[in-house]
Amino acid sequence: MAAPKTPSGAKMLPYRRQGEIDYASLEFDPNEKNVTPDAMEQNLELAEILGLFRARFTDFNQRPDVFLDNETFICYDPSNLNVRAAPDIYLAFGVDAEAIRPRKIYLPWEVGKPPDWAMEIASESTASADINRKPAIYAAIGIPEFWRFDPTGGRYHGQPIWGGELVDGSYRELPQTREPDGILKVYSPLLGISICWDDGWPLVFDPAHGTYQRNWRAEQAAAIAAEDQRDAAREERDAALAEVERLRELLGRRNGEENETEGDATPC
């Protein structure tokens with residue numbers, strides 16, 4: 001069977017497992033997400049972006065070559081797995097997602113590459129690190145795009161939304177535009193979409209079609225509605241075919257009765 005393709009057309013990288021992990025030696029529990037004390041400030045926005053990305057990039061977790069996760073650990077020093085980072089959301093294309101999850105941590109040297117994209121969503125306890133410490137870490141890991149999203153409009157991050165692409169070891173800010181309706185957009189060259197800030201709420205805009213992506217609930221509802229429409233159409237078709245068959249049988253009986261009547265008639 002041919003290897004799955006990423007959106008860019010590259011084949012899925014083979015996962016190269018390198019020995020067993022001594023989980024007992026870790027200073028953290030890889031089974032627990034890195035949730036902050038003020039996570040309630042970001043949970044709704046985080047869930048929305050995860051849902052939009054899950055629908056758009058993973059086909060609702062059906063693609064084996066796309067890894068999407070949140071608040072889990074990327075270990076980036078092969079000699080010390082306690083050297084780690086935990087983006088609020090991160091995404092990798094062309095990787096063996098099914099092989100990554102049993103390892104419980106993302107190991108770039110085993111996966112074959114770092115994640116392609118990472119985002120931090122603002123909260124009071126994480127804002128300073130999001131701005132001052134994490135960009136250098138993600139650049140050192142080699143993550144091509146790093147983003148920040150501040151639901152408050154800039155109280156924590158200084159601006160509502162920020163995206164950067166890795167250039168010469170640091171992140172260069174991507175251009176931002178504001179629509180007439182007040183929605184802020186930043187285009188991601190890597191993802192081919194614009195990520196938007198709409199009065200504190202995240203949106204995804206598809207420039208190729210000029211439309212905003214429906215969230216995962218709307219996508220599922222639309223899929224269910226489409227299936228219901230197909231079922232209704234099939235029922236109508238079956239009912240119409242049954243009626244045609246009934247009419248044919250009725251016509252056949254009438255023709256048979258007429259023929260019998262003509263055969264029984266006595267000439268004058």
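Fair warning: this is a prediction, and the values are worked out from it, not measured in the lab. Below, all heavy atoms of this structure are taken into account, side chains as well, without hydrogens, waters or symmetry copies.
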Measure across Ala118 and Pro87 and return the closest heavy-atom pair with its distance rounded to 0.1 Å. CB-CB, 4.1 Å

To which residues is Leu203 joined in a hydrophobic cluster, defined by side-chain heavy-atom contacts under 4.5 Å among Ile, Leu, Val, Met, Phe, Trp and Tyr, whether direct or through other members? Leu44, Ile183, Trp201, Phe205, Tyr212

Under 4.5 Å between side-chain heavy atoms, counting indirect links through other Ile/Leu/Val/Met/Phe/Trp/Tyr residues: same cluster for Phe93 and Leu13 or not? no

Apply side chain to side chain contact (heavy atoms under 4.5 Å, CB included) to Pro135 and list each qualifying residue two or more places apart in sequence or on a separate chain. Phe146, Arg148, Tyr171

Joint hydrophobic cluster, Leu174 plus Tyr187, side-chain heavy atoms closer than 4.5 Å: no

Is the shortest heavy-atom distance from the side chain of Leu184 to the side chain of Thr177 under 4.5 Å? no

Quick one: salt bridge (charged side-chain N to carboxylate O under 4.0 Å, His left out) partners of Glu41, sequence neighbours excluded? none

Does Leu91 belong to the same Ile/Leu/Val/Met/Phe/Trp/Tyr cluster as Val186, with side-chain heavy atoms less than 4.5 Å apart forming each link? yes

Listing request: all salt bridge (charged side-chain N to carboxylate O under 4.0 Å, His left out) pairs with a residue in residues 149-168, at least two apart in sequence or in separate chains. Glu165-Arg172

Is a side-chain donor or acceptor of Arg84 paired with a backbone partner of Asn82 at a separation under 3.5 angstrom? yes

How would you list all residue pairs meeting side-chain hydrogen bond (donor to acceptor under 3.5 Å, both in side chains) that involve residues 91-101, not counting sequence neighbours? Asp69-Arg101

Closest non-hydrogen atom pair, Gln18 against Arg103: N-NH2, 4.1 Å

Just to verify, what does Ser25 make a side chain to side chain contact (heavy atoms under 4.5 Å, CB included) with, not counting sequence neighbours? Asp22

Would you tabulate the side-chain donor-acceptor contacts of residues 234-241 under 3.5 Å, counting partners in other chains and residues two or more places apart, or write 'none'?
from: Arg234; atom 1: NH2; to: Glu227; atom 2: OE2; distance (Å): 3.2
from: Arg234; atom 1: NH2; to: Asp231; atom 2: OD1; distance (Å): 2.1

Non-hydrogen atoms of Lys185 and Cys196 that approach each other most closely: CG-SG, 3.5 Å

Hey, is Glu249 close enough to Arg246 for a salt bridge, meaning N to O under 4.0 Å? no

Between Leu50 and Trp197, is there a shared hydrophobic cluster once you connect ILVMFWY residues whose side-chain heavy atoms come closer than 4.5 Å? yes

Going by side chain to side chain contact (heavy atoms under 4.5 Å, CB included), name the residues that satisfy it together with Asp206, two or more places apart in sequence or in a different chain. Arg56, Ala208, His209, Thr211

The complete set of ring pair (Phe, Tyr, Trp, His ring centres under 6.0 Å) pairs with one or both residues in residues 12-55, sequence neighbours excluded, reads Phe28-Phe73, Phe53-Phe57, Phe53-Trp117

Sequence neighbours excluded, which residues qualify as side chain to side chain donor-acceptor pair (under 3.5 Å) partners of Tyr106? none

Please lay out, stage by stage, how Glu145 and Leu190 fare under the test side chain to side chain contact (heavy atoms under 4.5 Å, CB included). CA-CA 8 Å; Glu145 283 191 10; Leu190 188 147; 3.2 Å; yes

Quick one: which residue pairs count as a salt bridge (charged side-chain N to carboxylate O under 4.0 Å, His left out) with a foot in residues 127-137, not counting sequence neighbours? Glu120-Lys134, Asp130-Lys134

Side chain to side chain contact (heavy atoms under 4.5 Å, CB included) partners for Ser125, two or more places apart: Thr36, Pro37, Asp38, Ser123

Same apolar cluster: Tyr156 and Leu46, side chain cutoff 4.5 Å: no

